[in-house]
Amino acid sequence: MKLVTALAAVLALAFPVAAQVKLPPYTRQVLPNGVVVVMMPRADLPLLTLRAVLRGGAESDPPQLAGLSSVTAELLRRGSAGRTAGEFSEALDFLGATWQASSDDQSTEVGMEFLSKDLDRALGLFADALLRPAFPEAEVRKVLAQRIDSSRAAKDNPAGAIGLYFRPFFYGASHPYGRAAGGDEISLARIGRGDILDYHRRMYAGRNLILIAVGQFEAGALAPRLAQAFSAAPAGEAYAWAPDVAPQRGSSARLLLVDKPDATQTYFQIGQPGIRRASPDRIPLLLVNTLFGGRFTSMLNDALRVTSGLTYGANCRLEQSRLAGGIVISTYTRTEATEKAIDMALDQLKRLGAQGVTAEQLASAKAYVKGLYPTQRLETADQLAETLKDLEVFGLGRDEVDKLFERIDAVTLETANIAARRYYQTSGLTFVLVGNAGKIRAAAGKYAPEMREIAITAPGFSVP
Amino acid sequence: MRTVTLWLLTAGLAFSQQLDVKTQTLANGMKILVHEDHDIPNVAMYLFFRIGSRNEHTGITGISHFFEHMMFNGARKYGPRQFDIQMEKNGGSNNAYTSRDVTVYTDWFPRTALELMFDMEADRIRDLSFDPKIIESERGVVASERRLSVENSTSGALSEQLNAAAYVAHPYGWPVIGWMSDIESWTMDDLRNHFRMGYAPNNCVMVVAGDVTAGEVAGLAKKYLEPIPRHDPPPPVRTREPEQQGERRVVLRRPAQLPLQMISFHVPQSGHPDHMALEVLGAVLTQGRSSRLYRRLVDRDQLALQVSQGMALSLDPGQMVFRMQPRAGADPARAEQALIEELERVRSAEVPAAELQKAKTQLLTDFYRSLKTIAGKANLLGQFEVFFGDYRKLNGYAAELEKVTAADVLRVAGQYLGERNRTVATLIPEAKEASK
């Protein structure tokens, strides 16, 4: 492939195996109605990825209406001024295009990927869905009913369901992250078409909208087309971010036991307060967490899987949302080994806090994070669009990528171990267990003076 | 739509024909494919061993998958844990997967780790260790994996029942992960025999894609892999599944929020001339929200939460499986009836030209998408080499797809999606008292 080969030579210069990677060039402009347009040309495949990002996401759901932002995003493709839901799907599939619309903690993202030569038709669909959705009553009812069934079906997969139980228990109902991001059967039943219309009118406004285009295109041709398609958006107001409320470490441990009587395996998560995405502690924590629970040879996986054969996998996730999040251990084991596995996870936590990491470990984590970064963030148009979205939503500059390796290299053993001691503690933990309560209730009791219990068949994902 | 499609196919041909691959076969029979791609300073190295659960027998089901785990547990030069420790400290990561037909090792790393990877792969292919203590520990890991993916998963549990009913003779009937009693009981001798059988260099295809040159790969392969002696590959799988002569039904009752249903039809192996027409048929039925089954079951009748179709690549005759989650309160029998009505419709009249074109466009754009990454390219090259007999067929994908006619789709639908060839598995939720 001549074109690719020629381009590859150029890129090879841009990405030496040396000390630093760079975000490829992109442009950023602001339309008169406030819409931000970010464009990054890439020439390797004849595809174009288009994303619309709205600030807000689950954080912006009214407390009683969890799932509103997510349901609104789903409904965009289900009928507009000019098309029915069926006509939209037909047109999309004829282009072989993909569509996704979802909300995370702080934003809604609507993405479309199509062949570059189909730009005009694809952009017509994209703008129509975002700016002129009709939210037909019949489609609203259909989506809400499907979402309610989905939130119930999620409980048939305990490995996935445990995360849905963890968040409300960890953050509490008054925190924006303490509500089910996609809604649950209780909150979804409260949402009406009026709520959706209102949410769309407030949030899908020029000053709250970021457009990102990555892929094969001519910048001179794409920019005016995007500007034309989105000039129809009313300027409106940018979403006002919620005040930062960090989860607090409890004075003692708390535990939620979710009873699934037929489970032959106990799934558990153990969490404590962590950081915001923009925290200055992020890079040292990223390295420490890699060593503790972020890769195969991590302390947790080595102890619970490799050494003892108790589980297929154990990890620790470092949440990185706009508001401060959690540091959460997650694993599972056969019912009879529940206590042994929890003790072992806590031992590793204690070991990290007490002993920290070694210089050799730190060097290994640095090489690991840097070595994989290009395949995770710089290889495809989707990954690059995701990176550009993060820069916009979290208010970061391109230094975030261009100086990343430098910042990783700058982490000393001392800074890493200060972070380890500060964030990986053994007191005031939040435990959530999903399993056969009759067999594990007694063992669970020893981890926390305060224990709540709920049946997996009870509606929703939190204790009333 | 015609001009659009032609343009598309032109683009497809132009692209796929230009995927440049260099090959080399070592003296011991190991075949190596190299695709240079210098976009990012990383490499994807995929090793396809032609051994999977089809090469097992009763009593040792799941042993191929167990080996996928054991290959990370130490060899002569790089002892226990060292494969992962060395890999991660050099900026790499890995995984592996086992299917009915193949066991595939997937390594991703910066180009600076290339020689290390050759050294470590050669070490474990030639001199894997069999430490009884590690084997016992890994048995526990695989049992946990089975509890995760089968016992505590409604779709895993139902899928296992479906396959066991769909096959009465052929090894595709048992689960790749193995029956729990076999996981608990295989012996050291079973393990040694299986390793000797599956891990011959002449039973392996290695694909290297990324920031390498074909020359350096050839040199490293000669140095590290060529000295591994050739030996006998697994014996041919003799058993052939007899023709199914009537519908089979399985019911699984267990606690669940929603029912689940899977419907399987026997179809030929991937290398068969009908394969591409079946791919198009599958897309017409389930790809995208304008597909026939989505429109009927999810949208119009609102009987199902979702519906999908899968046809895994296979060396022996395989399956086309439809999976559907009936809505809460919907009678699974009604959902099944609606699905079967749609299958009968596609068996009784040709798919209109525009709908056929849509399905082809969807398949072709998906094909592009699988080539976005060096990992995707390595996987696809290996799959074409193993399942279609020649990686070069990848370059003919668009042309083969274009050849499929509405008459072909009608013929394969008629031939394979009939009642006599059907196995239906249904999970019916049952209540269970709360734990005491």
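Convention: sequence-line order gives letters A, B, ...; per-chain numbering from 1. Values below: all heavy atoms of this structure, side chains included; hydrogens, waters and symmetry mates excluded. Since we're looking at a predicted model, the values are computed, not measured.
For A:Thr331, the side chain to side chain donor-acceptor pair (under 3.5 Å) partners two or more places apart in sequence, or in a different chain, are A:Thr311. In this view, A:Glu185 satisfies the side chain to side chain donor-acceptor pair (under 3.5 Å) rule with no residue, not counting sequence neighbours. Every residue two or more places apart in sequence or in another chain that forms a salt bridge (Lys or Arg N to Asp or Glu O under 4.0 Å) with B:Asp366 is listed here: B:Arg369.
In this structure, A:Asp156 contributes its side chain and B:Gln257 its backbone to a donor-acceptor pair below 3.5 Å. Using modelled atom types, one side-chain atom of B:Thr365 and one backbone atom of A:Gly96 make a donor-acceptor pair closer than 3.5 Å. In this structure a side-chain-to-backbone donor-acceptor pair under 3.5 Å is missing from B:Gln302 to A:Lys142. Proximity of a side-chain donor or acceptor of B:Asn152 to a complementary backbone N or O of A:Thr264 within less than 3.5 Å is detected. Formation of a donor-acceptor pair under 3.5 Å by the B:Asn42 side chain with backbone atoms of A:Thr375 is not found in this model. Looking only at distances, a side-chain donor or acceptor of A:Glu379 sits under 3.5 Å from a matching main-chain atom of B:Ile374.
A 6.0 Å sphere centred on CD of B:Glu136 holds more than 12 heavy atoms belonging to other residues, nucleotides or ligands. By the neighbour-count criterion of 12 heavy atoms within 6.0 Å, atom NZ of B:Lys89 is sparsely surrounded, having that number or fewer from other residues, nucleotides or ligands. Remark: A:Lys340 NZ is loosely packed, at most 12 non-hydrogen atoms of other residues, nucleotides or ligands lying under 6.0 Å away.
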Before you tell me yes or no, could you show the steps for B:Lys372 and A:Asp44 under salt bridge (charged side-chain N to carboxylate O under 4.0 Å, His left out), namely the whole-Å CA-CA distance, both residues' side-chain angles and the distance that decides it to 0.1 Å? CA-CA 8 Å; B:Lys372 279 181 186 178; A:Asp44 48 352; over 6 Å; no
Run A:Arg334 and B:Glu151 through salt bridge (charged side-chain N to carboxylate O under 4.0 Å, His left out) and show every step you take. CA-CA 11 Å; A:Arg334 65 182 194 278; B:Glu151 264 108 51; over 6 Å; no
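Using a 4.5 Å cut-off between heavy atoms, A:Thr307 touches chain B through backbone and side chain atoms alike. Heavy atoms of B:Asp299 lying under 4.5 Å from chain A belong to its backbone as well as its side chain. Contacts of A:Leu92 with chain B are absent, with no heavy-atom separation under 4.5 Å from either backbone or side chain. A:Ala145 touches chain B through backbone and side chain together, each having a heavy atom under 4.5 Å away. Neither the backbone nor the side chain of B:Ser155 comes within contact range of chain A; no heavy atom of the residue lies under 4.5 Å from a heavy atom of that chain. Heavy atoms closer than 4.5 Å to chain A are found in both the backbone and the side chain of B:Asp84. Of the two parts of B:Phe72, neither the backbone nor the side chain holds a non-hydrogen atom closer than 4.5 Å to a non-hydrogen atom of chain A. Heavy atoms closer than 4.5 Å to chain A are found in the backbone of B:Gln287, but not in its side chain. Of the atoms belonging to B:Ile85, heavy atoms from both backbone and side chain fall under 4.5 Å from chain A. Interface residue B:Glu88: backbone and side-chain heavy atoms are both found under 4.5 Å from chain A.
The choice from B:Ala375, B:Ala328, B:Gly329 that makes the most heavy-atom pairs within less than 4.5 Å of chain A is B:Ala328.
Residues from residues 141-148 of chain B that place a non-hydrogen atom less than 4.5 Å from a non-hydrogen atom of chain A comprise B:Val141, B:Ser144, B:Glu145, B:Arg147, B:Leu148, given in numerical order.
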